[in-house]
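Here's the structure we're looking at; comments come further down.
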Amino acid sequence: LLTLTRPTQGALLPAISRTPEELTAANGLAGSMEGLGTLLGPLAAAAILVVATPGSVFLAGAIAAVIGALLVMRLPRPGGWTTIEPAAASVHAPEPGQVPERGSTDRGEDEDAGSLEAESGRRRIVRGLRTLATNPDAALVVGLLSVRQLVLGALDVLYVLLAMEVLGTGEPGAGVLNAAMGLGAIAGGALTFTLAGRRRLAPALAGGAIAVGFAIVLLGGTSNATAAAMLLAVTGMGFAVVDVTGLTMLQRVAQDRALARLLGGLEGMGMAALAVGSILVPVLVGLWSIQAAVVAIGLVFPAAIGVTWI
């Protein structure tokens with residue numbers, strides 16, 4: 001369901017936010033809430049399993065999803081934003097005179113909402129890919145966010161290997177490491193509130209990616225459970241900063257009508273990268289060792305930033 005909800009959320013936020021500052025803050029809050037869910041979800045499941053069956057956990061999740069859907073239904077239909085030209089918005093916030101306003105329908109295209117809804121699915125995909133092909137800024141950000149998912153997919157497997165084979169904390173230790181990452185994501189989402197109103201977000205994105213890589217490389221060199229949890233908290237903070245800044249940059253550079261398709265493509269590429277990351281870990285561990293594999297995964301994000309910065 002994330003492949004449906006996340007792109008929709010990302011496309012909706014620019015339309016209901018009144019200023020670029022509000023948009024950045026909304027993305028930051030969404031990142032913090034996602035981190036909170038990562039932290040509380042497993043704890044809630046464990047608490048339910050103490051008194052009920054595994055089926056009750058799925059039922060509780062379904063009820064939470066229905067409540068979320070009911071809350072979203074209360075949102076008004078937005079009138080749309082004025083398009084921000086990519087050349088002016090690639091790494092900058094709009095100038096005061098360029099702030100998109102609610103109710104504007106100038107999106108750089110002549111087709112109306114009815115023709116957009118009637119557009120075939122294949123044509124939407126083609127136009128989304130064309131957006132990436134013709135917008136280097138959007139393609140760059142999508143690529144970096146896909147790398148983020150690759151690293152995250154690898155960490156999902158490494159949690160268990162580290163806890164069982166390196167840290168000696170067993171299966172509960174894997175849960176602790178995951179919780180530490182969730183705590184870091186909450187803090188990172190809150191940290192992004194300080195970015196509201198900044199003209200340049202690319203340095204923050206690069207800084208978050210480098211922090212992720214640095215923390216994971218250090219994680220590969222420790223056998224102390226407390227240090228590992230602290231490093232994963234830093235990793236979670238870096239992930240949140242990358243996610244929020246990357247999403248905000250895409251919302252700035254993409255045409256309104258192409259944004260949902262662009263974010264849908266990002267989500268699909270992200271899921272594929274997540275799978276690649278989880279498959280990559282056994283290969284690296286087989287070639288070297290668990291800790292060497294952790295270091296190798298940690299170097300991926302800084303290397304991607306270095307390549308794109310050249």
Side-chain angles (χ1 to χ4, degrees), residues 1-10 27 30-31 33-39 41-42 45 61 65 125 128-129 132 138-163 174-175 177-182 184-186 188-189 205 208-209 211-213 215-217 219-220 232-247 249-250 260-286 290 293-305 307-308:
L1 290 178
L2 283 178
T3 57
L4 298 176
T5 57
R6 284 175 61 93
T8 304
Q9 173 186 310
N27 285 329
M33 291 301 100
E34 189 170 329
L36 184 63
T38 301
L39 175 64
I125 294 172
L129 294 175
L132 285 178
L140 177 62
V141 175
V142 167
L144 289 175
L145 292 180
S146 297
V147 171
R148 170 195 182 275
Q149 290 297 94
L150 185 149
V151 175
L152 187 59
L155 285 177
D156 285 342
V157 179
L158 288 170
Y159 289 148
V160 179
L161 294 178
L162 285 171
L177 296 180
N178 191 33
M181 185 98 132
I186 295 171
L205 188 150
V212 167
I216 295 176
V217 168
L219 177 65
L232 281 171
V234 174
T235 301
M237 290 180 64
F239 272 140
V241 171
V242 169
D243 198 28
V244 172
T245 54
L247 176 59
M249 290 170 69
L250 281 179
R261 295 189 290 267
L262 183 62
L263 294 176
L266 167 63
E267 198 65 29
M269 291 174 62
M271 291 297 106
L274 199 71
V276 170
S278 62
I279 294 171
L280 192 59
V281 170
V283 176
L284 295 178
V285 171
I290 294 174
V294 173
V295 172
I297 292 298
L299 293 174
V300 169
F301 224 162
I305 290 294
V307 169
T308 57

- Message: Using side-chain heavy atoms (C-beta onward) and a distance below 4.5 Å, is Leu280 in contact with Ile297?
- Response: yes
- Item | Val285: partners by side chain to side chain contact (heavy atoms under 4.5 Å, CB included), with sequence neighbours left out | Leu161, Val281, Ile290, Ala293
- How far apart are the closest heavy atoms of Ala296 and Leu284, and which atoms are they? CB-CD1, 4.3 Å
- Just grab all the salt bridge (charged side-chain N to carboxylate O under 4.0 Å, His left out) pairs involving residues 140-160, residues at least two apart or on different chains. none
- Residue pair Leu155, Thr235: steps toward the side chain to side chain contact (heavy atoms under 4.5 Å, CB included) verdict: CA-CA 10 Å; Leu155 285 177; Thr235 301; 4.0 Å; yes
- Message: If I take atom CG from residue Leu177 and atom OH from residue Tyr159, how far apart are they, to the nearest 0.5 angstrom?
- Response: 7.5 Å
- Task: Mind checking side chain to side chain contact (heavy atoms under 4.5 Å, CB included) for Ala211 and listing every partner two or more places apart, or none if nothing turns up?
- Result: none
- Taking all atoms of both residues into account, what is the closest heavy-atom pair of Ala215 and Val234, and its distance? CB-CG1, 4.0 Å
- Task: Start with the C-alpha distance between Leu158 and Ile216, add both sets of side-chain angles, then the distance that settles side chain to side chain contact (heavy atoms under 4.5 Å, CB included), and finish with yes or no.
- Result: CA-CA 11 Å; Leu158 288 170; Ile216 295 176; 5.9 Å; no
- Can you name the residues that form a side chain to side chain contact (heavy atoms under 4.5 Å, CB included) with Ala233, not counting sequence neighbours? none
- Can you list the residues that meet the side chain to side chain donor-acceptor pair (under 3.5 Å) rule with Glu34, with sequence neighbours excluded? Arg6
- Evaluate the side-chain proximity of Leu205 to Ile305: yes if any heavy-atom separation is below 4.5 Å, no if none is. yes
With a cut-off of 3.5 Å and sequence neighbours excluded, list every side-chain donor-acceptor pair involving residues 236-245.
from	atom 1	to	atom 2	distance (Å)
Thr245	OG1	Val241	O	2.6
Thr245	OG1	Val242	O	3.3

- Between Ala275 and Ser278, the two heavy atoms sitting closest are O-OG, 2.8 Å
- Residues two or more places apart in sequence or in another chain: which of them pass side chain to side chain contact (heavy atoms under 4.5 Å, CB included) with Val142? Leu132, Ser146, Leu250, Leu262, Leu266, Met269
